[in-house]
Amino acid sequence: MASNTTEDLFKNIISHSKEYGFIFQSSEIYDGLSAVYDYGQNGVELKKNIREYWWKSMVQMHDNIVGIDAAIFYASYYLKASGHVDAFNDPLVDNKDSKKRYRADVLIEDHVAKIDAKITKEVEKARQRFGESFNEEQYRSTNPRVMEYQQKIDAINTRFKAALEANDLVEVKQIILDLEIVCPISGTRNWTDVRQFNLMFNTQLGSVSEESSTIYLRPETAQGIFVNFLNVQKTGRMKIPFGIAQTGKAFRNEIVARQFIFRMREFEQMEMQFFVRPGTEDEWYTHWKEKRMTWHRSLGFPLNKQRFHDHLKLAHYAKAACDIEFEFPFGFKELEGIHSRSDFDLRNHEEFSGKKQQYFDPELNENYIPYVVETSIGLDRMFLAIMSQSYVEEKLEDGSERVVLRIPPFLAPIKCAILPLMKKDGLPEKASEIFDKLKFDFIVTSEEKDSIGKRYRRQDAIGTPYCITVDHQTLEDNTVTIRDRDTMAQERISIDEVQRILREKVDVNTALRKL
RNA sequence: GCGGAAGUAGCUCAUUUGGUAGAGCAUCAGCCUUCCAAGCUGAGGGUGGCGGGUUCGAGCCCCGUCUUCCGCUCCA
């Protein structure tokens, strides 16, 4: 059980997640689906609590942020407008000798870049030759060799563009063959056919297939927010700056999906799009960067576990972007992204839909398309971060070992276990009385099988922060002991106080107040 | 997706060269005990990932397939 390496540790976290009802592989009895997972009885509670903490901190705590729940089906033109249909479609080709995979468009573009480099070389040579009097533009348009290169480039680009537009992958392969492009590794021209990898899932709307039209499962929750921007703004009489939040499933057909629930084909996002006046986006970007980091820090994990990572290469929609990374057992990886998306999305939706996506700003007395700052966090990744950070294999003073999940109490699946010391003398009955009292406020559980020590360990393993034990003294003076998961220390308290004490200890508001 | 490795009870593993599967833990029932795992007795649970082939006979050999892990590749 002991984890000697971080690889062991990660494996143990995965099997612990299964053994204790947090995460199961999906469709397991049918051999499973790759990179699809189900949440079990404890996982669903933890996940729900994380979602709720996020929702409260974003929506409930801000009078200018509201939530929505938009559909998972996207009309294809939605995604055309968002850039996803194009950006999520990569023509890929493999070299059979080196077994390396390339994006066909990148291969061709690289080839073009090489020809372009030859032109530059010619130009530089000429510049040295002619000195001061050199006219680059004239040289480029008259020198036969340069012109020949340029014509080549233009011809390739024209042909490639036509092939892409016609979605003609056979032609794309032919271009690669005609250009005699070789694999940089193997140096051969032994290519497979070019294949389209559609990273989005599609399906048909309409029960009769001939009449149906292709629709997509959303690859991110954000677009549902953008297309509802005016609905919410108008019906909620929202004034800029304001935000719209949403949690929900998104779907991506990852080429490789691994590392447990870190990269799944079906996953859940928690996103908030914040609409701001153009020109103020930089300060809001900074604002949300800090806000979100504070949220992560509020869970009480070591500060060196999270860090910012600024993007140098930006996505098709972004103006500025950074990640909040978490140190998983397999290294620092993206947990949340904060993006300054400019007016890219709303402007495109305006263009594609023909419907104005503008806001009238009474202070400026003018209309504009708002700029957007996005915070987008993966709920499953957050779940994994909490699991990895909470999972501890502990060596106790008496030499024995225990596995304990030190989940922040307000996120723990079960808040309290009620345990009769023995299965007789009326102790189970007393325990069930307490259960009935607490069940209205907390998710509690009760167990009477096995020795008390074993039951404590079981609760430790699923992260239950408190155990209440009913013993013989309980029957005499109406007191119980309450045991702390992390310190294993016990305290005797009156049954009448249990509810109040538990509420203090596991209340999400305590965390919210620190934000 | 490619290459390598693996897939036997819920979990961890065993079954010497092919001869119709076992253990520990877990589970369930009962007994005993009880404040930090591993007391006693008994029971249930496997068409050996799935499909096909070779063989008189396959968990063990061969092929395919699915899943997982490692490496590569891709990535918003």
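Convention: sequence-line order gives letters A, B, ...; per-chain numbering from 1.
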Partner of [N] by Watson-Crick or G-U wobble geometry, both contacts under 3.5 Å, or none?
{"N": "U17(B)", "result": "none"}
{"N": "C61(B)", "result": "G53(B)"}
{"N": "U67(B)", "result": "A6(B)"}
{"N": "U47(B)", "result": "none"}

Write down the distance separating the [atom1] atoms in [N] and [M], rounded off to the nearest Å.
{"N": "G44(B)", "M": "A29(B)", "atom1": "C1'", "result": "10 Å"}
{"N": "G57(B)", "M": "G18(B)", "atom1": "P", "result": "16 Å"}
{"N": "U41(B)", "M": "C36(B)", "atom1": "P", "result": "25 Å"}
{"N": "C50(B)", "M": "U67(B)", "atom1": "C1'", "result": "11 Å"}
{"N": "A37(B)", "M": "G42(B)", "atom1": "P", "result": "26 Å"}
{"N": "C75(B)", "M": "U16(B)", "atom1": "P", "result": "49 Å"}
{"N": "G24(B)", "M": "U8(B)", "atom1": "C1'", "result": "15 Å"}
{"N": "A6(B)", "M": "C13(B)", "atom1": "P", "result": "14 Å"}

Look at the side chain of [X] and decide which nucleotide, out of [options], has an atom nearest to it.
{"X": "K11(A)", "options": "C36(B), C69(B), C75(B)", "value": "C69(B)"}
{"X": "Q25(A)", "options": "U67(B), U27(B), C35(B)", "value": "U67(B)"}
{"X": "R457(A)", "options": "C36(B), A26(B), C35(B)", "value": "C36(B)"}
{"X": "K18(A)", "options": "C36(B), C11(B), U67(B)", "value": "C11(B)"}

Value in whole Å for how far the [atom2] atom of [N] lies from [atom1] of [X]:
{"X": "Q459(A)", "N": "C36(B)", "atom1": "CD", "atom2": "C1'", "answer": "13 Å"}
{"X": "L419(A)", "N": "A37(B)", "atom1": "CG", "atom2": "C1'", "answer": "14 Å"}
{"X": "D486(A)", "N": "C36(B)", "atom1": "CG", "atom2": "P", "answer": "19 Å"}
{"X": "F24(A)", "N": "C11(B)", "atom1": "CZ", "atom2": "C1'", "answer": "13 Å"}
{"X": "I468(A)", "N": "C35(B)", "atom1": "CD1", "atom2": "P", "answer": "19 Å"}
{"X": "I14(A)", "N": "U67(B)", "atom1": "CD1", "atom2": "P", "answer": "17 Å"}
{"X": "Q473(A)", "N": "U34(B)", "atom1": "CD", "atom2": "P", "answer": "17 Å"}
{"X": "F262(A)", "N": "C69(B)", "atom1": "CZ", "atom2": "C1'", "answer": "18 Å"}

Pairing residues for T474(A) by the side-chain hydrogen bond (donor to acceptor under 3.5 Å, both in side chains) criterion, not counting sequence neighbours: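 Expected list: D471(A).
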Of all residues at least two apart in sequence or in a different chain, which pass the salt bridge (Lys or Arg N to Asp or Glu O under 4.0 Å) check with E336(A)?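 Expected list: R292(A).
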Check: E325(A) side chain, E334(A) main-chain N or O, donor-acceptor pair, under 3.5 Å: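 No.
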Ignoring hydrogens and angles, tell me if any N or O in the side chain of R381(A) forms a donor-acceptor pair with the backbone of F262(A) under 3.5 Å.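 At least one qualifying donor-acceptor pair exists.
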Judged by each residue's nearest nucleotide on RNA chain B, which is more toward the 5′ side, V36(A) or A489(A)?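 Looking at RNA chain B, the more 5' nearest nucleotide goes with A489(A).
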Start at the 5' end of RNA chain B and walk down; is the nucleotide closest to D450(A) or to R492(A) reached first?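 The residue closer to the strand's 5' end, by nearest nucleotide, is D450(A).
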Please write out each protein N/O paired with an N/O of nucleotides 29-33 of chain B under 3.5 Å, distance rounded to 0.1 Å.
none

Does the ring center of [X] lie less than 6.0 Å from the ring center of [Y]?
{"X": "F267(A)", "Y": "F251(A)", "value": "no"}
{"X": "F328(A)", "Y": "F326(A)", "value": "yes"}
{"X": "F10(A)", "Y": "F330(A)", "value": "yes"}

Both conditions, 6.0 Å and 45 degrees, for the charged tip of R252(A) above the ring of F201(A): are they met here?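 Judged by the rule (NZ or CZ under 6.0 Å from the ring centre, within 45° of its axis), R252(A) is not positioned above F201(A).
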Hey, what's the ring geometry for F229(A) with F275(A), parallel, tilted or perpendicular (30° and 60° as the breaks)?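 Rings of F229(A) and F275(A): tilted, as their planes differ by 30° to 60°.
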Taking OP1 and OP2 of C36(B), is either one under 4.0 Å from a side-chain nitrogen or oxygen of Q490(A)?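 No, because none of the side-chain N or O atoms of Q490(A) sits under 4.0 Å from OP1 or OP2 of C36(B).
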Looking across every strand, which nucleic acid part, if any, lies under 4.0 Å from D471(A) by heavy atom: base, sugar-phosphate, or nothing?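 The residue D471(A) makes base contact.
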Classify T481(A) by what it touches in the nucleic acid, base, sugar-phosphate, or nothing, heavy-atom distance under 4.0 Å.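 Since a base atom lies under 4.0 Å of T481(A), the category is base.
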Do E19(A) side-chain and C11(B) base share a donor-acceptor contact under 3.5 Å?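 Side chain to base: no pair present.
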Can you find a donor-acceptor N/O pair under 3.5 angstrom joining the side chain of R483(A) to the base of C36(B)?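 Indeed there is one.
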Sort out for me which residue in H296(A), Q269(A), E271(A) forms a side-chain contact (heavy atoms from CB on, under 4.5 Å) with I377(A).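 When side-chain contact (heavy atoms from CB on, under 4.5 Å) is applied between I377(A) and each of H296(A), Q269(A), E271(A), only H296(A) qualifies.
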